[in-house]
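Here's the structure we're looking at; comments come further down.
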Amino acid sequence: MVHFDFQISSGDSEDVDWSDEDEMCSLVSPVAYHVPVITPPTCELSSSGSKISDRFLEMGYPLKVVFRAIEEHGENDEEAILNAILTYLALETLPGEDNHVTSDPHLSDSASTYIEDLSDMNSILESQGQNKYFETMNLLEDMGFSYDEAFAAINRCGCETPIDELVEFIDAANMAKADDLQGLNDIEQLRYGKKQKLDRDERWTYSVKNMQLMIGFGVPNSGMKTVDREIPAAGKGPPYFYYENVAYTPKGVWENMSRFLYEIEPEFVDSMHFSAAARKRGYIHNLPIDGRFPLLPIPPFTIQEALPLTNKWWPKWDQRTKLNCILIRHGSAEDTKKIKEELDKSGPDPPEHVRKYVLEQCRRYNFVWVGKNKVAPLDPDEIEVIMGYSKYHTRGGGISTTARYQCLGNSFQVDTVAYHLSVLKKLFPNGIKVLSLFSGIGGAEVALHKLGIPLKFVVSVESSETCRNILQSWWEQSNQKGKLIHIFDVRDVTLGKLKELMDMTEGFDLVIGGSPCNNLAGRNRYTRDGLYGDQSSLFFDYFRILDLVKKITVYRAYA
DNA sequence: GTGATAATGACGGCGGGG
DNA sequence: CCCCGCCGTCATTATCAC
């Protein structure tokens with residue numbers, strides 16, 4: 001979204017000289033218009049705007065192979081990149097994984113669909129003669145202004161406004177912004193103020209600290225002064241977006257995701273600050289952070305408060321007050337049996353080695369005490385409440401117990417997400433239109449609903465029938481006034497489909513979702529392949545769809 | 001009895017933090 | 001250095017639907 005790259009698409013445009021970007025950028029002509037690109041957005045901090053990925057994508061190479069090759073070899077050595085791509089394709093694998101790339105129709109389709117989408121966008125813009133807006137955008141960007149500065153100026157003043165006046169407007173806005181930044185302390189300057197002057201490592205210094213504390217840009221009662229941050233221009237809404245995934249990934253994954261999601265700094269938050277269970281997650285979003293408030297009532301913060309019946313049987317030497325992360329599987333009956341046998345054998349005061357064994361098992365499987373020397377895994381009902389859903393949210397309607405554990409373990413902690421989304425309440429008092437990707441059991445929807453934000457429109461993309469049924473029945477039971485639309489597959493969410501949907505909804509206010517963590521999660525012993533793994537590479541569909549929504553939003557504003 | 005689905009047992013390693 | 005914790009996957013067995 002950062003760059004609307006300049007490209008002439010009339011008949012004789014095939015021989016455009018791509019090697020000289022600066023020359024190209026100056027070639028603003030009345031017939032020119034811009035083509036959106038899929039490259040990771042580059043902001044002021046990046047050394048160069050990468051368009052090389054587009055070239056390889058246009059040649060038809062699969063999306064994840066292209067990105068992987070560029071990641072391995074940098075953006076400058078074109079020959080090395082091409083060799084790498086050809087090598088990966090010949091081997092049919094990427095380094096560090098053994099899945100077949102060329103036999104994976106999804107990503108290939110995704111890339112080619114995207115390219116088709118771009119051509120489609122070209123013809124839309126061309127046929128409807130919306131060139132004036134892009135001309136002006138071009139001109140302002142060529143003058144060195146960011147996309148967002150140009151967007152704001154044109155939005156406010158209109159695209160027929162003389163350039164001089166637009167420039168004046170931008171300068172005035174920037175002066176006001178600079179004034180606002182006075183008086184911040186060092187850490188806040190690092191986070192919000194002078195960020196754009198710092199290099200990448202320095203920028204991520206705060207995230208490292210963020211990762212350690214796991215309180216993100218603040219949690220309730222943390223005593224942190226909340227000041228609104230400065231989001232890189234390309235990342236700003238509309239629409240707002242909110243992306244989630246596991247905090248602890250193989251190295252470099254969050255940096256990579258942040259690079260795609262407009263260089264926005266992730267916030268890492270442990271849901272232990274919102275509930276009785278730990279849940280370390282990272283969130284990349286462009287929401288304001290000033291004025292957040294928690295859902296009420298505040299849920300129980302300890303195991304003992306959340307599950308009071310366990311108190312009677314809880315031994316003093318088990319000092320846990322917080323549960324570990326809720327996972328998709330529960331501990332086995334066999335393990336709880338062994339624990340009981342060991343404790344029965346050792347009497348009322350078990351020796352150190354027995355305590356250690358029992359505690360280790362309890363921590364590993366999140367067991368709680370339900371009788372004399374008896375531990376048990378959490379029930380699905382209990383998990384529902386701890387995760388912030390109402391009891392029985394996932395129960396019944398043909399859903400097996402195993403499936404309940406599975407989809408609950410994959411879901412948002414509602415109180416945590418609601419805290420981040422709470423700033424939307426005053427922005428959308430009359431309701432919100434949501435594109436919900438990888439919706440699962442509807443954590444985002446439940447959070448917004450609990451915040452009292454009316455759901456005017458929800459387009460939910462979710463591949464699991466079980467999860468779609470759960471969301472649908474919640475929708476029907478929770479007195480919704482709006483409309484819920486289900487889509488099964490992110491691959492079906494093309495430019496054409498999005499245009500159709502956004503004509504119906506008159507745009508989306510929020511694009512929200514967490515893409516699959518299978519290949520990132522620490523629990524995975526077999527296929528922790530990273531962001532390019534079979535499931536986790538669906539991240540690129542999140543980015544693709546978000547980026548298309550941003551482009552269509554701009555287009556609609558000037559259509 | 002048979003195929004489908006559900007439940008269960010067995011299975012290391014990486015990265016962060018002290 | 002050691003410690004802890006992690007939105008999991010695969011193979012097998014048990015149970016279910018017919």
Side-chain angles (χ1 to χ4, degrees), chain A residues 96-99 204 207-214 243-255 268-272 275 277-283 319-320 322-338 356-357 359-367 376-380 383-384 386-389 394 398-414 416-417 437-444 462-467 513-531 533-536 538-539 542:
Chain A
E97 59 176 294
D98 51 14
N99 56 303
W204 278 75
S207 288
V208 171
K209 195 179 182 61
N210 191 338
M211 180 73 98
Q212 287 165 11
L213 295 173
M214 280 286 169
Y243 175 80
E244 177 263 9
N245 216 317
V246 291
Y248 294 139
T249 63
K251 278 192 191 307
V253 169
W254 274 103
E255 285 82 349
F268 295 102
V269 181
D270 191 335
S271 290
M272 70 178 287
S275 72
R279 200 167 187 81
K280 295 168 185 62
R281 295 293 180 270
Y283 305 88
Q319 307 243 328
R320 288 177 299 153
K322 293 281 189 184
L323 293 160
N324 283 335
C325 186
I326 306 287
L327 305 172
I328 65 168
R329 286 284 303 273
H330 60 82
S332 70
E334 201 56 34
D335 285 319
T336 64
K337 185 180 170 193
K338 276 186 207 155
K356 192 178 171 194
Y357 160 73
L359 283 175
E360 199 180 285
Q361 295 291 96
C362 285
R363 275 198 275 259
R364 171 176 298 170
Y365 297 112
N366 256 341
F367 289 143
L378 296 168
D379 278 339
I383 294 178
E384 284 164 344
I386 290 167
M387 294 290 281
Y389 301 84
T394 63
I399 295 159
S400 72
T401 305
T402 307
R404 291 179 76 193
Y405 279 110
Q406 170 116 17
C407 60
L408 281 164
N410 280 324
S411 65
F412 286 172
Q413 205 288 325
V414 170
T416 312
V417 172
L437 304 175
F438 313 104
S439 311
I441 61 173
E462 171 56 50
S463 62
S464 155
E465 186 185 0
T466 301
C467 288
S515 59
C517 68
N518 306 33
N519 311 114
L520 310 177
R523 272 295 287 258
N524 190 337
R525 302 180 179 193
Y526 299 97
T527 54
R528 197 182 186 186
D529 299 331
L531 192 56
D534 281 352
Q535 290 82 31
S536 293
L538 288 169
F539 162 80
Y542 178 91

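Quick note on labels: first sequence line is chain A, next is B, and so on, each numbered from 1.
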Write down the distance between NZ (K322(A)) and P (dC6(C)), rounded to a whole number of angstrom. 14 Å
Calculate the interatomic distance between N518(A) atom CG and dC6(C) atom P; express it in whole Å. 17 Å
Please confirm whether the shortest side-chain N or O distance from T402(A) to OP1 or OP2 of dA7(B) is below 4.0 Å. yes
Side chain of H330(A) - closest among dA7(B), dC6(C), dT8(B): dT8(B)
Could you tell me how far dG12(B) sits from dC4(C) if I compare only their C1' atoms? Round to whole Å. 15 Å
Counting side-chain heavy atoms from C-beta on, which of dG13(B), dG8(C), dG16(B) comes nearest to R528(A)? dG13(B)
Could you state the CG-C1' distance from N519(A) to dC14(B), rounded to the nearest angstrom? 15 Å
Among the nucleotides dC6(C), dA6(B), dC7(C), whichever has the atom closest to the side chain of V246(A) is dC7(C)
Can you tell me which residue among Y405(A), Y365(A), F367(A) is in a ring-ring contact (aromatic ring centres under 6.0 Å, His included) with H330(A)? Y405(A)
Are Y243(A) and Y542(A), when compared by the centres of their aromatic rings, separated by less than 6.0 Å? yes
Interatomic distance, C467(A) atom SG to N410(A) atom CG [nearest 0.5 angstrom]: 7.5 Å
Could you tell me whether the side chain of R523(A) has a donor or acceptor atom within less than 3.5 Å of a complementary atom in the base of dG13(B)? no
Would you mind reading off the distance between Q361(A) atom CD and dG9(B) atom P, rounded to a whole angstrom? 13 Å
In whole Å, what separates the P atom of dC7(C) from that of dG9(B)? 23 Å
If you only use heavy atoms from C-beta on, which nucleotide in dT9(C), dC7(C), dG9(B) is closest to the side chain of E244(A)? dC7(C)
For T249(A) and dG15(B), is the shortest distance between a side-chain N/O and OP1 or OP2 below 4.0 Å? no
Quick check for you: among dC7(C), dA7(B), dC11(B), whose closest atom lies nearest to any side-chain atom of N410(A)? dC7(C)
If you pin K338(A) and T401(A) to their nearest nucleotides in DNA chain B, which one's is more 5'? T401(A)
Assign each of K251(A) and A333(A) the nucleotide of DNA chain B bearing its closest heavy atom; nearer the 5' end lies the nucleotide of A333(A)
Between dC7(C), dA7(B), dG8(C), spot the one nearest the side chain of N524(A), thanks. dG8(C)
Protein-nucleotide distance (N324(A), atom CG; dG5(C), atom C1'), rounded to Å: 6 Å
Just the rounded figure in Å: distance from P of dT9(C) to CD of Q406(A). 8 Å
Remember a base hit wins even if backbone is also touched, and classify S515(A) as base, sugar-phosphate or nothing at under 4.0 Å, heavy atoms. base
When we call it a touch if two heavy atoms are under 4.0 Å apart, what does C517(A) touch: a base, just sugar-phosphate, or nothing? base
Between N245(A) and E360(A), which residue's closest nucleotide on DNA chain C lies nearer the 5′ terminus? E360(A)
Pairwise distance SG(C325(A)) to NZ(K280(A)) - rounded to 0.5 angstrom: 7.5 Å
For E462(A), is there any backbone N or O sitting under 3.5 Å from a side-chain donor or acceptor partner on S439(A)? no
Any strand: nucleotide that pairs with dA10(B) via Watson-Crick or wobble, under 3.5 Å: dT9(C)
The side chain of R279(A) lies closest to which of these nucleotides: dC11(B), dC7(C), dG9(B)? dC7(C)
Of all the choices, dG9(B), dT9(C), dG5(C), which nucleotide is nearest to the side chain of R363(A) once you look at every atom? dG5(C)
For residues I383(A) and P380(A), determine if any side-chain heavy atom of one lies less than 4.5 Å from a side-chain heavy atom of the other. no
How many angstroms lie between OG1 in T249(A) and CG in N519(A), if you round to the nearest 0.5 Å? 12.0 Å
Can you tell which of dG17(B), dG9(B), dC7(C) lies closest to the side chain of R329(A)? dG9(B)
Between dC4(C) (C1') and Q319(A) (CD): distance, integer Å: 16 Å
Provide, to the nearest angstrom, the distance between the NZ atom belonging to K280(A) and the C1' atom belonging to dC4(C). 10 Å
Note: for I328(A) and R364(A) on DNA chain C, the residue whose nearest nucleotide lies more 5' is R364(A)
